[in-house]
Amino acid sequence: MNKKELYNKILQLDGLTNEEKSELLGLLRKQKKYGLVWEDKPEDVEERLRKELPVLVEDASKAIISTEIDAPNHILIEGDNLEALTALVYTHEGKIDVIYIDPPYNTGNNDFVYNDRFVDKEDSYRHSKWLSFMNKRLRIAKQLLSDKGVIFISIDDNEQAQLKLLCDEILGSGNFITNIIWQSTAGSNTGNEIVTTTEYILVYTSNRSKAHFDGQPPSDDTFKLSDEHIKERGRYTLDKLDRRRVGGHYSEALNFPIEMPDGTLRYPGGGQQANDGWNYLWSKTKVQWGLNNKFIVLKKNKEEWAVYCKRYQKVDNNNQPIDRTTPYRNLITSDLFNTAQGTAELANIFNIRAFAFPKPSTLVKFLLSTTIKTLPNATILDFFAGSGTTLHATMQLNAEDGGRRKCILVTNNENNICEEVTYERNKRVINGYTNPKGKEVLGLTGNTLRYYRTSFVGRSRSMKNMRQLMNLSTDMLCIKEDLYTEQPKFGEQQTYKNVFRYFDNGKKRMMIIYREEAVQQLVDLIQKTDYKGRMLVYVFSPSEDPWEGEFEEVQDMVQLCALPQAIYNAYRRILPKKKDELIISDDTKTTVQEDMPNGMLNFDEEEDL
């Protein structure tokens with residue numbers, strides 16, 4: 001039976017509602033001829049997101065604030081990563097430059113939890129559950145990546161083949177860069193089977209035409225020689241200046257003699273007479289320049305003279321600055337990084353084995369380093385944060401090259417991992433710690449770390465829910481704008497927590513207006529300021545309109561955004577479809593007092609909704 005006949009059969013079926021028929025026809029249209037196919041398995045967390053919207057709320061008691069003014073703000077989110085990723089769509093859509101994740105490998109050995117239960121090897125839907133789980137998260141991750149964004153995904157043989165096809169579908173096969181083979185361990189003898197010593201790291205970009213990978217600096221083994229008095233050129237190696245040329249590559253103008261230190265003449269190819277087909281790579285003028293500037297070495301090997309040019313690390317053959325690099329390779333051997341190093345690293349921080357099989361920070365730092373030159377201020381995301389290796393590696397990179405990369409970590413708090421391992425590890429890395437040998441390890445103090453948890457607001461669009469979403473979105477707005485310095489006043493006007501708040505770090509300003517009754521008075525205050533540039537103004541509105549009419553007199557001084565509608569718009573592209581309920585009457589009471597002495601607002605504090 002062909003597809004058209006089956007289509008007509010479904011339309012004629014009795015006992016099915018129109019909605020059920022529509023669902024069947026949709027499945028028929030979606031059937032693939034080629035690609036990865038699996039049975040979608042719903043998650044409990046999805047059902048929660050059908051009823052509630054996630055927000056991020058800071059636990060200020062866990063904040064580690066650097067005294068350095070320009071310290072990057074790193075973020076740790078405690079919560080299910082599907083919920084956290086949804087919230088990040090509002091704060092970071094198109095803003096993440098690098099994603100590194102180390103998801104569960106689905107080995108069947110109690111490493112992958114689905115709906116609060118471990119998936120074992122005998123589960124007939126083992127791979128479908130894993131693919132459903134990864135599919136939902138990777139689709140959101142794609143929206144978070146910038147147009148130059150890169151994603152690294154660690155995996156092993158259990159799901160590598162399936163993950164490659166899934167990523168081809170979501171990220172595009174044309175954006176696949178490579179599959180890095182990592183020799184993670186020396187392996188062990190398992191009888192007659194072939195010993196597995198490798199894992200994989202899939203590398204994709206959001207747009208291959210815009211993404212860039214830096215080369216790695218050549219090792220000292222390549223540039224072994226040095227000039228004592230010309231150190232600014234770096235170390236160097238010697239390359240022969242003459243070569244035998246054939247066909248159209250030969251140039252008679254380059255076949256000339258060079259005088260040696262003993263007064264003899266030396267032609268290309270050796271000897272005191274011209275050799276057919278040989279020439280120098282540099283012209284007579286360039287050779288004289290090279291001799292005068294010590295770019296050429298005349299060296300006698302046994303009885304024969306040879307002419308070499310110096311190839312320096314830091315300058316080219318015209319003495320111009322150059323950054324010599326060699327491409328990275330898709331093979332990482334265990335002598336560079338291995339799983340034992342990750343275990344030892346964590347034990348060195350905690351004095352105990354605190355986490356099973358952590359990736360070494362050197363491995364993650366190596367992966368991040370492929371993009372460090374083009375992205376010195378990158379935003380990095382790891383939504384399978386585990387022990388927090390990615391943040392540790394980010395801070396190490398910043399310390400080494402002066403970068404200001406920001407890192408976002410997401411993990412649940414199963415067995416208190418977020419609080420007791422992820423957070424505690426990076427707290428010690430920032431503040432410093434004493435290792436098991438009693439040695440004091442200095443902290444990477446030029447970093448700020450803020451701790452958030454996912455919270456929820458009812459999804460139905462009642463006025464009460466909208467006001468609650470507006471109030472709870474403040475921490476998300478600070479994350480979105482990377483602006484955390486709150487001021488107690490705007491001009492001479494005191495702020496009120498549930499009326500309006502004001503943030504100003506000297507470079508950027510943001511006002512959040514929770515009560516629309518305060519708009520006109522705040523417009524008057526804005527008009528009296530002499531600030532240059534536009535201030536971000538987030539204002540509560542039950543619609544898309546951020547009260548533009550009221551702000552008309554100061555339109556050149558503000559950049560308006562209506563909340564919570566902007567959050568609804570961002571979430572709508574991610575969450576399952578759900579009809580919005582009618583807006584019911586506002587059951588909250590306005591706290592504006594009729595008397596406003598001296599034209600100033602005068603609000604009583606309200607409790608959080």
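The structure presented is a predicted model; accordingly, all values stated were derived computationally and were not measured. We use all heavy atoms of the structure for the numbers below, so side chains are in, but hydrogens, waters and symmetry mates are not.
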Original post:
Going through the distances and angles, do D239 and L281 end up as a side chain to side chain contact (heavy atoms under 4.5 Å, CB included)?
Top reply: CA-CA 11 Å; D239 294 334; L281 302 178; over 6 Å; no

Flag the pair [X] / [Y] as yes when at least one side-chain heavy-atom distance between them is below 4.5 Å, and no otherwise.
X: L53; Y: I567; value: no
X: S206; Y: N175; value: no
X: L409; Y: N426; value: yes
X: V410; Y: L85; value: no
X: E199; Y: T339; value: yes

Original post:
For F456 and E83, what are the C-alpha separation, side-chain angles and deciding distance, and is it a side chain to side chain contact (heavy atoms under 4.5 Å, CB included)?
Top reply: CA-CA 9 Å; F456 299 90; E83 298 164 349; 3.3 Å; yes

Original post:
How are the rings of Y328 and F366 set relative to one another: parallel (under 30°), tilted (30 to 60°) or perpendicular (over 60°)?
Top reply: perpendicular

Which atom pair, heavy atoms only, marks the closest approach of [X] to [Y]?
X: Y433; Y: N348; result: CE1-O, 3.6 Å
X: S66; Y: G446; result: OG-CA, 3.8 Å
X: P104; Y: D111; result: CB-O, 3.2 Å
X: L368; Y: A393; result: CD1-CB, 4.4 Å
X: N207; Y: S209; result: OD1-OG, 2.6 Å

Does the distance from a Lys or Arg side-chain N to an Asp or Glu carboxylate O, for [X] and [Y], drop under 4.0 Å?
X: R453; Y: D475; result: no
X: R50; Y: E46; result: no
X: K164; Y: D168; result: yes
X: E43; Y: R48; result: no
X: K507; Y: D70; result: yes
X: E345; Y: R425; result: yes

Original post:
Where do F383 and I99 land on the side chain to side chain contact (heavy atoms under 4.5 Å, CB included) test, with the steps shown first?
Top reply: CA-CA 8 Å; F383 51 91; I99 295 175; 3.9 Å; yes

When you compare the side chains of [X] and [Y], does any donor N or O come within less than 3.5 Å of an acceptor on the partner?
X: Y200; Y: D157; value: yes
X: Y451; Y: S61; value: no
X: N318; Y: D316; value: no
X: T434; Y: E440; value: yes
X: N377; Y: R404; value: no

Subject >> Name of the residue among F384, Y105, F133, F118 meeting ring-ring contact (aromatic ring centres under 6.0 Å, His included) with F112 >> reply: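 Testing F112 for a ring-ring contact (aromatic ring centres under 6.0 Å, His included) against F384, Y105, F133, F118 leaves exactly one candidate, F133.
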
Would you find a donor on one side and an acceptor on the other, under 3.5 Å apart, between the side chain of [X] and the backbone of [Y]?
X: D120; Y: G108; value: no
X: D97; Y: T379; value: yes
X: S334; Y: S184; value: no
X: H74; Y: C407; value: yes
X: T370; Y: L367; value: yes
X: R459; Y: L49; value: yes

Original post:
Just checking, K41 and Y114: is the charged tip under 6.0 Å from the six-membered ring centre and within 45° of the axis?
Top reply: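 Checked: cation-pi criterion not met.
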
Going from [atom1] on [X] to [atom2] on [Y], what distance comes out if it is rounded to the nearest 0.5 angstrom?
X: K136; Y: I170; atom1: NZ; atom2: CD1; answer: 10.5 Å
X: R233; Y: F223; atom1: CZ; atom2: CZ; answer: 14.0 Å
X: I180; Y: I332; atom1: CD1; atom2: CD1; answer: 5.0 Å
X: W38; Y: L166; atom1: CH2; atom2: CG; answer: 5.0 Å
X: D227; Y: K310; atom1: CG; atom2: NZ; answer: 3.5 Å
X: R324; Y: K314; atom1: CZ; atom2: NZ; answer: 13.0 Å

Atom [atom1] of [X]: over 12 foreign heavy atoms under 6.0 Å:
X: K508; atom1: NZ; result: yes
X: N415; atom1: CG; result: no
X: R428; atom1: CZ; result: yes

**OP:** Could you walk me through whether L331 and I181 pass the side chain to side chain contact (heavy atoms under 4.5 Å, CB included) test, one step at a time?
**Re:** CA-CA 5 Å; L331 176 64; I181 300 171; 4.2 Å; yes

Original post:
Aromatic ring centroids of Y312 and F295 under 6.0 Å?
Top reply: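 Ring centroids of Y312 and F295 are less than 6.0 Å from each other.
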
